[in-house]
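Proteins get letters first, then strands, A, B, ... in listed order; numbering begins at 1 in each.
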Amino acid sequence: QICQSQNNVFYYATFYDTNKKIPMYSAYKFEGLKNCTRLNAWYIEPQLDDNNAPPNMKLEKDVKIQGLGDYQALNGNYEKSGYDRGHLAPVFQAESQSCADTTFTLTNAAPQNPYFNRGQWRVLERNIAKNLSDQCLPNKYSVYIVTGVVPGTKNISNKVNVKVPSHFWTAYCCLDNNNKCQISGGFIGVNENITPKDKSVKDLETELAKLYNLTSFNLFDRSTEPPANKANQKTMKISSFKTKRQ
DNA sequence: CTGACGTGC
DNA sequence: GCACGTCAG
């Protein structure tokens, strides 16, 4: 579990698989379209490979620790792989420029078919942002989005142990003053440039439980109580995994 | 940094 | 034509 931060300010949360070296999901709050610009570099998270490192993302060239890359993907893993570093928490839906900057960390990215990333997935991110802006923000709902992947069996390349997702999915939930979800929905698509399928949260949970081989899977916190307050006083609703055994 | 590419509007 | 999200050099 990583709370993505720069200078100790936290912007969103990621559940990262250090074995497969891709995130399972990123969860964040949507506050409208901000026209943020993109970085042209990707950060990494030193604390994954070094327990003593502080939890702020850094540029790879500024990190000098032994065993770098043992527990996370590095930029070189993606080079000439034929895959994009596809954002989970996207730039397009970021709440601020600093937030957009912090999405450029490899723990928030997974190998994505470039035509899918730049094609149908991009269209989906934009459509969701527009619908949420029209339907939820004017009502003063708090909008939470969680975006994740289903790991496939393929590695990004012969020698590099970074798993290529079989699917990308995303789900949103608009909470009213009483923390009740008033508007919600989701999408899932295979990692090819095919239009992702529209799903209710419930149907998406059922499909994901099957794909993850879990007994149940909850995208959003079922409780009406706000979750433990963390991460810059944002009440982030994190999806939860319930595994058969762990 | 710049230039380029494919997608989709 | 234009915006977008990337990549290569």
Side-chain angles (χ1 to χ4, degrees), chain A residues 4 6 11-12 14 16 21-23 25-28 30-45 57-62 69 72-135 143 145-152 154-160 162-172 185 187-198:
Chain A
Q4 315 285 4
Q6 257 185 339
Y11 293 99
Y12 62 100
T14 293
Y16 190 74
K21 298 185 178 179
I22 51 172
Y25 62 80
S26 288
Y28 50 100
F30 175 69
E31 305 198 11
L33 294 170
K34 311 283 185 186
N35 289 318
C36 296
T37 60
R38 304 169 61 85
L39 288 185
N40 59 1
W42 285 81
Y43 297 98
I44 59 168
E45 310 278 345
M57 56 184 71
K58 286 189 130 180
L59 291 175
E60 207 172 312
K61 64 178 173 58
D62 296 331
Q72 66 187 307
L74 301 178
N75 285 292
N77 299 155
Y78 283 82
E79 274 166 24
K80 307 250 169 81
S81 69
Y83 290 97
D84 277 359
R85 292 168 286 201
H87 279 83
L88 267 61
V91 186
F92 198 66
Q93 297 171 350
E95 49 148 294
S96 64
Q97 186 60 53
S98 342
C99 179
D101 290 349
T102 60
T103 68
F104 280 87
T105 172
L106 287 183
T107 55
N108 181 46
Q112 190 169 18
N113 177 307
Y115 304 106
F116 184 39
N117 185 28
R118 306 168 195 193
Q120 289 299 315
W121 191 254
R122 174 173 71 91
V123 172
L124 179 63
E125 280 174 355
R126 199 196 47 209
N127 289 344
I128 290 175
K130 181 167 190 327
N131 287 342
L132 295 175
S133 298
D134 290 348
Q135 293 170 34
V143 183
I145 305 182
V146 52
T147 297
V149 305
V150 180
K154 230 168 44 165
N155 283 326
I156 194 170
S157 70
N158 283 342
K159 294 188 181 134
V160 182
V162 173
K163 287 284 179 259
V164 177
S166 60
H167 300 72
F168 280 70
W169 54 263
T170 188
Y172 57 88
F187 293 85
I188 184 166
V190 293
N191 196 4
E192 295 168 36
N193 195 22
I194 300 170
T195 308
K197 282 179 294 179
D198 193 345

Side chain A:Arg122 and base B:dT7 donor-acceptor under 3.5 Å:
yes

Looking at B:dG8, C:dG5, C:dC7, which one has an atom nearest to any side-chain atom of A:Arg85?
C:dC7

Which whole-number value in Å describes the distance from A:Gln112 CD to B:dG6 P?
18 Å

Using a heavy-atom cut-off of 4.0 Å across all strands, would you classify A:Arg38 as base, sugar-phosphate, or nothing?
base

Can a donor-acceptor pair be found, under 3.5 Å and without considering hydrogens, that links the side chain of A:Gln72 to the backbone of A:Ile44?
no

Classify A:Asn40 by what it touches in the nucleic acid, base, sugar-phosphate, or nothing, heavy-atom distance under 4.0 Å.
base

Any A:Gln120 side-chain nitrogen or oxygen under 4.0 Å from OP1 or OP2 of B:dG8:
yes

Pairwise 5' ranking along DNA chain C for A:Asn35 and A:Lys80, keeping only the more 5' one:
A:Asn35

Between A:Leu124 (CG) and B:dT7 (P), how many Å, whole number?
18 Å

Verify the neighbour count for atom NZ of A:Lys154: are there more than 12 heavy atoms of other residues, nucleotides or ligands below 6.0 Å?
no

Look at all strands and tell whether A:Phe104 reaches a base, only sugar-phosphate, or nothing, counting heavy atoms closer than 4.0 Å.
nothing

Grab the CG-P distance between A:Asn113 and C:dT6 for me, whole Å please.
12 Å

Donor-acceptor under 3.5 Å (A:Asn191 side chain, A:Pro165 main chain):
yes

Would you kindly give the OH-to-P distance between A:Tyr78 and C:dC7, to the nearest whole Å?
9 Å

Give A:Phe92 one of three labels, base, sugar-phosphate or nothing, depending on what nucleic acid heavy atoms sit under 4.0 Å from its own.
sugar-phosphate

Here the distance between atom P of B:dG8 and atom CZ of A:Arg118, to the nearest Å, is 12 Å

Starting at atom CD of A:Glu125, determine the distance to atom C1' of B:dC9, rounded to an integer number of angstrom.
16 Å

Spacing between A:Asn127 atom CG and B:dG8 atom P, to the nearest angstrom
12 Å

Could you tell me whether a side-chain N or O of A:Asp134 sits under 3.5 Å from a main-chain N or O of A:Asn131, the two making a donor and an acceptor?
no

Starting at CD of A:Gln93 and ending at P of C:dC4, how long is that distance when rounded to a whole Å?
14 Å

Which of parallel (below 30°), tilted (30 to 60°) and perpendicular (above 60°) describes A:His87 and A:Trp42?
tilted

Counting only side-chain nitrogens and oxygens, does A:Asn117 get under 4.0 Å of the OP1 or OP2 atom of C:dT6?
yes

